[in-house]
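Working notes for the structure below.
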Amino acid sequence: MARRVKSPPRSADGVDAVIAPRTVALMESFLEMLTAERNAALNTRLAYGRDLTAVAQFLAARKLDLTDAGEADLRAYVESLDASAARTQARRLSALRQYFHFLCSEQHRKDDPTRGIDTPRLGRSLPKYLTTDEVDRLFRAVHHIHGFEGARLTAMMELLYGAGLRVSELISLPLAAIQFERAVVQVKGKGGKERVVPLGEMAVKAIKNWMPYRKLMLSEGDYSHYLFPSRHGGHATPLTRQRFFQMLKDVAVKAGLNPKRLSPHVLRHAFATHLIEGGADLRSVQTMLGHADIATTQIYTHVAPDRLTRTVVEHHPLSKTKPDKH
């Protein structure tokens, strides 16, 4: 069920900014549509809710209603955002476009006021990742953590770096997703799309090492759907993202790495980058990452230029020096 959109009593500048009940109800309907028709993840719904609430609050403080807003009103909001935060502008404008498309399709409006507003140009930043040496240091550090904590963290890191999972996929991974006999993990990704990713020997070993600790963690007769159940929040829920982030930061310090450089997504980026550096083709990497568009995967070619150079030198006929014929 979609999270209800709450109307904050005041805007950031302290001015009364009560969102009209009609707009609150329509925003709730929009978020429910994302769940029912698009199978949007919880985090996606929450992000849309926050972005739309921020715009509605801004307009309400100026005695305007989001649902009835015109292009000039929305443009004023976009221009009020920090000009350096182009990604925030683009994300909130995207939320507005989808909201007004919903309103038009449900006949709550006849026009879409976002049509004349250009999306800010975004310079595509290269993904952050770790070198193979830094990954080795990280795993050496986690191997010095013994017992329950070490077994769990090793298994989770192996799935991030060894299978390229997103943190949301890792946290919610069901026990049944691991197929030891085939050495694969079945992942349910964005939009409910499923993919099967092969597991390396180290990942399989780490998950098997974790299983006895997981069993001891559960009370006799107790059951958990998740591969990594919460230890303190009840076994019916998975380990939280916040706890896992903190675990990674702690092991980064032990490995002598800057904890600000390490996150679950950085390990996913390292997985993709090191595959391409090792000679994997883009289509295979795209499938394993669960990217809908190969253009998303192509960004990794920019962080692995050495491999591409080697490919040209080794395989392109014009790159080889040929003897002169006289």
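We use all heavy atoms of the structure for the numbers below, so side chains are in, but hydrogens, waters and symmetry mates are not. Predicted model, so just to flag it, every value in this text is computed and none were measured.
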Would you indicate whether the side-chain heavy atoms of [Y] and [X] approach each other to under 4.5 Å?
| X | Y | result |
| --- | --- | --- |
| Arg152 | Leu239 | yes |
| Val142 | Lys254 | no |
| Leu74 | Leu59 | yes |
| Asp250 | Leu153 | no |
| Leu216 | Phe148 | no |
| Arg243 | Ser230 | no |
| Val266 | Arg261 | no |
| Phe244 | Leu248 | yes |

Using the rule that Ile, Leu, Val, Met, Phe, Trp and Tyr join whenever any side-chain heavy atoms are under 4.5 Å apart, tell me whether [X] and [Y] fall into a single cluster.
| X | Y | value |
| --- | --- | --- |
| Leu130 | Val253 | no |
| Leu199 | Val184 | no |
| Leu159 | Met202 | no |

Is the backbone N or O of [Y] less than 3.5 Å from a side-chain atom of [X], with the two atoms forming a donor-acceptor pair by type?
| X | Y | result |
| --- | --- | --- |
| Asp51 | Tyr48 | no |
| Arg195 | Met288 | yes |
| Arg166 | Gly189 | no |
| Trp210 | Met156 | no |
| Arg45 | Leu34 | no |
| Arg62 | Phe58 | yes |

- Query: Does atom NZ of Lys188 have more than 12 heavy-atom neighbours from other groups under 6.0 Å away?
  - Reply: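 No, NZ of Lys188 has 12 or fewer neighbouring heavy atoms, counting only those of other groups under 6.0 Å.
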- Query: Does Gln107 CD have over 12 foreign heavy atoms under 6.0 Å away?
  - Reply: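 It does not: Gln107 CD has 12 such atoms or fewer within range.
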Non-hydrogen atoms of [X] and [Y] that approach each other most closely:
| X | Y | value |
| --- | --- | --- |
| Leu218 | Ser224 | CD2-CB, 4.0 Å |
| Thr154 | Ala206 | CG2-CB, 3.9 Å |
| Pro259 | Ala252 | CA-CB, 3.9 Å |
| His274 | Tyr161 | ND1-OH, 2.8 Å |
| Leu103 | Leu26 | CD2-CD1, 4.0 Å |
| Tyr77 | Val55 | CE2-CG2, 3.4 Å |

- Task: Look at the rings of His143 and Phe139 and say which category their plane angle falls in: under 30° parallel, 30 to 60° tilted, over 60° perpendicular.
- Result: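 Tilted, since the angle between the ring planes falls between 30° and 60°.
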- Please state whether the rings of His108 and Phe102 are parallel, tilted or perpendicular, taking 30° and 60° as the class boundaries.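 It falls in the tilted class, 30° to 60°.
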Just how far is it from atom [atom1] of [X] to atom [atom2] of [Y], taken to the nearest 0.5 Å?
| X | Y | atom1 | atom2 | value |
| --- | --- | --- | --- | --- |
| Thr114 | Leu96 | OG1 | CG | 7.0 Å |
| Leu173 | Leu165 | CG | CG | 6.0 Å |
| Glu201 | Glu158 | CD | CD | 10.5 Å |
| Tyr99 | Arg92 | OH | CZ | 16.0 Å |
| Leu289 | Phe271 | CG | CZ | 5.5 Å |
| Met211 | Ile178 | CE | CD1 | 8.5 Å |

- Query: Is the NZ or CZ atom of Arg241 both under 6.0 Å from the centre of the six-membered ring of Phe245 and within 45° of that ring's axis?
  - Reply: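 No.
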- Query: Do Gln286 and Arg283 meet the criterion of a side-chain donor-acceptor pair at a distance under 3.5 Å?
  - Reply: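 On atom types as modelled, these side chains qualify, holding a pair under 3.5 Å.
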